[in-house]
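The model shown is predicted, which means the values in this text are computed figures rather than measured ones.
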Amino acid sequence: MPVLSTSSPFLQPARLRCPQNSPGRQRRHTLPASEFRCLSPEDAISVFEIEREAFISVSGDCPLHLDEIRHFLTLCPELSLGWFEEGRLVAFIIGSLWDQDRLSQAALTLHKPRGTAVHIHVLAVHRACRQQGKGSILLWRYLQYLRCLPFARRALLMCEDFLVPFYEKCGFQALGPCQVTVGALAFTEMQHAVRGHAFMRRNSGC
């Protein structure tokens, strides 16, 4: 499977330009440096700490446990994306490939290398960084990144009903009830088409 290098413009550090005469330009420092990069198994503990705090208080469980995080970050690290500020993980997405039209229970633990659908297992933001739009910004960057991957055709995810409006605002469409259940929880399955592969490769350096 091809791996997109960090030369992709969507994985470059975010740089904020200051006006010519602003105090920030004189100090040379304004906001903490941001970096977007694919995750590695070494990031698993930081990922799990954010995920555990974000999900256990809401649903009582995590989409991925620590061994599953390590599993996906070993098999398909190129389908993950982390947002780091001053070297500290503040938000992340973990995905894997799936080879069927709809998600099934097996999609929770399997990575299908020949699949063309990217199953987004989890998106989470550190508690100190919520209500700042970081989740939608990270998801936008992730979808742009997927457009640089020649095998990716669409993104799939499942979420509880209260999150449907968030993902709709990010361009996802509801496919209806998901076949997957976790305990007493039921989910809506959502899809986002990944389009413009040739255009993105010609015009974005992918």
Side-chain angles (χ1 to χ4, degrees), residues 1-6 8 10-11 35-84 87-127 135 138-139 141-143 145-146 148-160 163 167 172 178-192 194:
M1 176 183 298
V3 176
L4 193 66
S5 75
T6 53
S8 166
F10 304 112
L11 298 185
E35 177 191 12
F36 295 84
R37 67 166 172 82
C38 296
L39 299 167
S40 71
E42 288 71 30
D43 297 308
I45 292 176
S46 296
V47 166
F48 184 61
E49 287 175 350
I50 293 174
E51 182 199 24
R52 181 173 54 187
E53 191 279 331
F55 284 91
I56 287 185
S57 61
V58 176
S59 61
D61 201 0
C62 294
L64 296 175
H65 295 284
L66 183 57
D67 58 339
E68 295 167 330
I69 292 169
R70 288 196 176 108
H71 170 72
F72 287 119
L73 294 185
T74 299
L75 286 180
C76 48
E78 71 280 3
L79 296 176
S80 67
L81 186 60
W83 185 344
F84 294 80
R88 176 171 165 265
L89 183 66
V90 298
F92 70 88
I93 292 174
I94 292 179
S96 66
L97 287 179
W98 186 241
D99 60 357
Q100 298 177 26
D101 290 339
R102 300 288 296 268
L103 297 173
S104 69
Q105 208 75 26
L108 298 181
T109 56
L110 296 181
H111 167 62
K112 298 285 192 174
R114 296 183 181 275
T116 58
V118 177
H119 173 202
I120 298 176
H121 291 270
V122 58
L123 183 163
V125 178
H126 191 282
R127 64 180 180 275
L138 180 64
L139 184 55
R141 279 186 171 256
Y142 186 74
L143 293 170
Y145 168 65
L146 293 185
C148 295
L149 302 179
F151 50 83
R153 293 292 179 268
R154 60 200 179 105
L156 287 172
L157 59 83
M158 60 187 210
C159 65
E160 294 182 75
L163 286 171
Y167 286 110
F172 282 78
C178 187
Q179 300 175 27
V180 180
T181 58
V182 178
L185 295 177
F187 304 94
T188 296
E189 187 166 341
M190 306 194 74
Q191 173 180 274
H192 192 297
V194 176

With a 4.5 Å heavy-atom cut-off, do H192 and L143 have their side chains touching? yes
Any idea which heavy atoms bring L103 and E189 closest together, and the distance? N-OE2, 3.0 Å
Closest non-hydrogen contact found for T109 with H71 is O-NE2, 3.4 Å
Side chains of F92 and S80, heavy atoms from C-beta outward: is any pair under 4.5 Å? no
Within this structure, what is the SG-CD1 distance for the pair C38 and I94, rounded to the nearest 0.5 Å? 11.5 Å
Are any non-hydrogen side-chain atoms of W98 and S104 less than 4.5 angstrom apart? yes
L79 side chain reached by L97 side chain, heavy atoms, under 4.5 Å: yes
Can you sort out the partners of Y167 under ring-ring contact (aromatic ring centres under 6.0 Å, His included), two or more places apart, ordered by chain and number? F172
Atom CG in L146, atom CZ in R153: separation rounded to 0.5 Å? 12.0 Å
Just do the side chain to side chain contact (heavy atoms under 4.5 Å, CB included) check on F187 and L163 with the steps written out, would you? CA-CA 10 Å; F187 304 94; L163 286 171; over 6 Å; no
Please report the closest heavy-atom contact between I50 and V90, naming both atoms and the distance. CD1-C, 4.3 Å
By side chain to side chain contact (heavy atoms under 4.5 Å, CB included), T188 pairs with (sequence neighbours left out) D161, V164, A174, M190
All heavy atoms of G82 vs all of L89, minimum pair found to be CA-CD1, 4.0 Å
Polar side-chain atom of Y145 near backbone of E78 as donor-acceptor pair, under 3.5 Å: yes
Would you be so kind as to tabulate the donor-acceptor pairs closer than 3.5 Å made by side chains of residues 119-126, with sequence neighbours excluded?
| unit_1 | atom_1 | unit_2 | atom_2 | d |
| --- | --- | --- | --- | --- |
| H119 | ND1 | A107 | O | 3.2 |
| H121 | NE2 | S96 | OG | 2.7 |
| H126 | ND1 | A128 | N | 3.0 |
| H126 | NE2 | R88 | NH2 | 3.2 |

In chain order, what residues pass the side chain to side chain contact (heavy atoms under 4.5 Å, CB included) check against Q191, with sequence neighbours excluded? R154, L156, L175
Evaluate the criterion side chain to side chain contact (heavy atoms under 4.5 Å, CB included) for residue pair M158 and L108; output intermediate values, then yes/no. CA-CA 10 Å; M158 60 187 210; L108 298 181; 3.5 Å; yes
Heavy-atom check, side chain of F36 versus side chain of L81, under 4.5 Å: yes
Tell me every residue that passes side chain to side chain donor-acceptor pair (under 3.5 Å) with T181, counting only those two or more places apart in sequence or in another chain. none
Minimal heavy-atom distance between C62 and F48, with the atoms involved, is SG-CE1, 4.1 Å
Please report the shortest heavy-atom distance between E51 and L64, naming the atom on each side. OE1-O, 2.5 Å
Residues passing the side chain to side chain contact (heavy atoms under 4.5 Å, CB included) test with T74, sequence neighbours excluded, are P41
Heavy atoms, side chains only, cut-off 4.5 Å: are Y142 and L138 in contact? no
Sequence-distant partners of A186, side chain to side chain contact (heavy atoms under 4.5 Å, CB included), two or more places apart: none
So does D43 pair up with R37, basic N to acidic O under 4.0 Å? yes
Test of understanding: with side chain to side chain donor-acceptor pair (under 3.5 Å), list the residues that count as partners of E68, not counting sequence neighbours. none
